[in-house]
Asks: 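This structure is in structure tokens; I'll ask about it shortly.
Values in this document were obtained by computation on a predicted structure and should not be read as measured data.
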Amino acid sequence: MVKDRIIGEWMDVLASKAPVPGGGGASALGGALGAALGQMVANLTTGKKRYADVEDKIQESLAALQGLLPEFLDLADKDAQVFAPLAEAYAMPSETEQQKAEKERVMEQRLLAASFVPMEMMEKSLKVLDILEFLGEKGSRMAVSDVGVAVQFTRAALTGAAMNVYINTKAMKNREKADELNQKANQMIAVGTQKADAIYGQVAEQLNM
């Protein structure tokens, strides 16, 4: 599991010819880093008299991020788990019509399964961005730059995961389902990147004052 591995070891495998981890795992790790940095900001804010009026919301944000971080790490593992059967499906024989039909059936199932994992990454990235938006406005001013960094990691998780959705839907024969997934991904990209860029811009403005 990702959470049990030394980061240098994981990076070595990422850089190798091994099929996993790949872009999906890296995207999930980006989301985990964004959630971790958000937790740091919340931890630096909670218990401070200056932020007493938002203490309850800070605690709520901290708890949410504590739940999201391990979920991103789990998704990194799930991304690897769904890739293996998909790779096997690509290698299925297709010499006869029966083999072709069976390969197509299995491919559709596994392409769909492989699309659900990055879609979930995108959904969780949006949740992190919502929390970072609040922390950027109400969190400790000493850690506002870390909100900006967290936003960029989370933005990368969002847009990176979308690439894994698109590569799978591109190969689907069921274009109606593929278009449905693409539209959902496109909508999340539009909402998430706009929010991420706005938060980052606000943080940069505070730091440049």
Side-chain angles (χ1 to χ4, degrees), residues 21-39 41-42 57 60-62 64-76 78-80 82-83 86 108 110-139 144-208:
S27 297
L29 185 59
L33 289 169
L37 275 170
Q39 284 183 60
V41 176
K57 182 65 174 175
E60 180 183 323
S61 299
L62 179 58
L65 290 169
Q66 287 171 336
L68 286 162
L69 193 159
E71 289 176 357
F72 274 111
L73 296 180
D74 286 343
L75 285 168
K78 288 180 181 177
D79 182 75
V82 296
F83 181 81
L86 178 58
E108 284 295 295
R110 296 181 183 180
L111 285 166
L112 185 60
S115 299
F116 287 152
V117 175
M119 289 288 285
E120 189 174 349
M121 285 185 208
M122 295 181 75
E123 291 165 0
K124 293 188 187 305
S125 296
L126 292 180
K127 291 180 180 180
V128 174
L129 287 173
D130 285 340
I131 298 169
L132 292 175
E133 182 177 33
F134 166 72
L135 292 174
E137 295 173 355
K138 302 296 184 180
V144 68
S145 62
D146 296 295
V147 173
V149 177
V151 163
Q152 293 299 80
F153 275 119
T154 309
R155 189 187 196 282
L158 175 73
T159 56
M163 295 294 100
N164 276 26
V165 174
Y166 299 145
I167 192 66
N168 290 314
T169 56
K170 183 177 178 64
M172 286 182 181
K173 299 293 185 183
N174 185 343
R175 297 317 303 165
E176 183 178 349
K177 188 63 179 180
D179 290 343
E180 178 187 335
L181 292 171
N182 286 342
Q183 287 174 15
K184 288 181 180 178
N186 292 341
Q187 184 176 15
M188 285 191 280
I189 285 288
V191 171
T193 54
Q194 182 178 20
K195 177 167 288 189
D197 292 346
I199 301 167
Y200 186 80
Q202 289 165 4
V203 169
E205 186 175 336
Q206 292 179 57
L207 296 175
N208 290 327

Asks: Kindly write out the residues that satisfy side chain to side chain donor-acceptor pair (under 3.5 Å) with Thr169, not counting sequence neighbours, or none if the list is empty.
Replies: Asn182

Asks: What pair of heavy atoms forms the shortest contact from Val144 to Gly136, and how long is it?
Replies: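 Nearest heavy atoms, Val144 then Gly136: CG2-O, 4.2 Å.
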
Asks: Tell me whether Leu126 at atom CG has more than 12 heavy atoms from other residues, nucleotides or ligands lying less than 6.0 Å away.
Replies: yes

Asks: Which pair of heavy atoms, one from Thr193 and one from Leu158, lies closest together, and at what distance?
Replies: N-CD2, 3.9 Å

Asks: Under a 3.5 Å distance rule, please check whether Asp79 uses its side chain to pair with a backbone N or O of Leu75 as donor and acceptor.
Replies: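 The answer is no, because no donor-acceptor pair under 3.5 Å joins these two groups.
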
Asks: Mind listing the closest non-hydrogen atom pair of Tyr200 and Gly148 along with its distance?
Replies: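 Closest pair (atom of Tyr200, atom of Gly148, distance): CD1-O, 3.6 Å.
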
Asks: Report yes if the side chains of Phe72 and Val128 come closer than 4.5 Å at any heavy-atom pair, otherwise no.
Replies: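 SC-SC contact between Phe72 and Val128 confirmed.
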
Asks: Spell out, as yes or no, whether a donor-acceptor pair under 3.5 Å connects the side chain of Glu108 to the backbone of Asn174.
Replies: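 Yes; judged by distance alone, with no hydrogens or angles, the pair exists.
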
Asks: To the nearest 0.5 Å, tell me how far Gln39 CD sits from Ile131 CD1.
Replies: 9.5 Å

Asks: Hey, what do you get for CG (Asp179) to NZ (Lys177), rounding to the nearest 0.5 Å?
Replies: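 Between atom CG of Asp179 and atom NZ of Lys177 there are 11.5 Å.
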
Asks: Just checking Gln187: does its CD atom have more than 12 heavy atoms from other residues, nucleotides or ligands closer to it than 6.0 angstrom?
Replies: no

Asks: If I compare all heavy atoms of Ile189 with all of Ala162, which pair ends up nearest, and what's the gap?
Replies: CD1-CB, 3.7 Å

Asks: Hey, mind stepping through Asn168 and Arg110 against side chain to side chain contact (heavy atoms under 4.5 Å, CB included) and telling me if it holds?
Replies: CA-CA 9 Å; Asn168 290 314; Arg110 296 181 183 180; over 6 Å; no

Asks: Side chains of Lys127 and Leu68: closer than 4.5 Å at any heavy-atom pair?
Replies: yes

Asks: Which atom pairs, donor and acceptor, lie under 3.5 Å between side-chain atoms of residues 112-125 and protein residues at least two apart or in another chain?
Replies:
unit_1	atom_1	unit_2	atom_2	d
Ser115	OG	Leu111	O	2.8
Lys124	NZ	Glu71	OE1	2.9
Ser125	OG	Met121	O	2.8

Asks: Quick one: does Lys57's side chain get under 4.5 Å of Lys138's, heavy atoms only?
Replies: no

Asks: Decide yes or no for Val151 and Val203: does some side-chain heavy atom of the first lie under 4.5 Å from some side-chain heavy atom of the second?
Replies: no

Asks: Hey, are the side chains of Leu37 and Val41 touching, using non-hydrogen atoms and a 4.5 Å cut-off?
Replies: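 No, every pair of side-chain atoms sits at 4.5 Å or beyond.
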
Asks: Could you check whether any side-chain heavy atom of Leu65 comes within less than 4.5 Å of a side-chain heavy atom of Leu135, counting everything from C-beta outward?
Replies: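 Sidechains of Leu135 and Leu65: in contact.
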
Asks: With a 6.0 Å cut-off (strictly less than), is the heavy-atom count around CD of Glu180, excluding the residue itself, greater than 12?
Replies: yes

Asks: So do Lys195 and Leu132 actually touch side chain to side chain, heavy atoms under 4.5 Å?
Replies: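 Not touching, per the 4.5 Å side-chain cut-off.
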
Asks: Under 4.5 Å between any side-chain heavy atoms of Ser27 and Asn164, yes or no?
Replies: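 No, side chains not in contact.
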
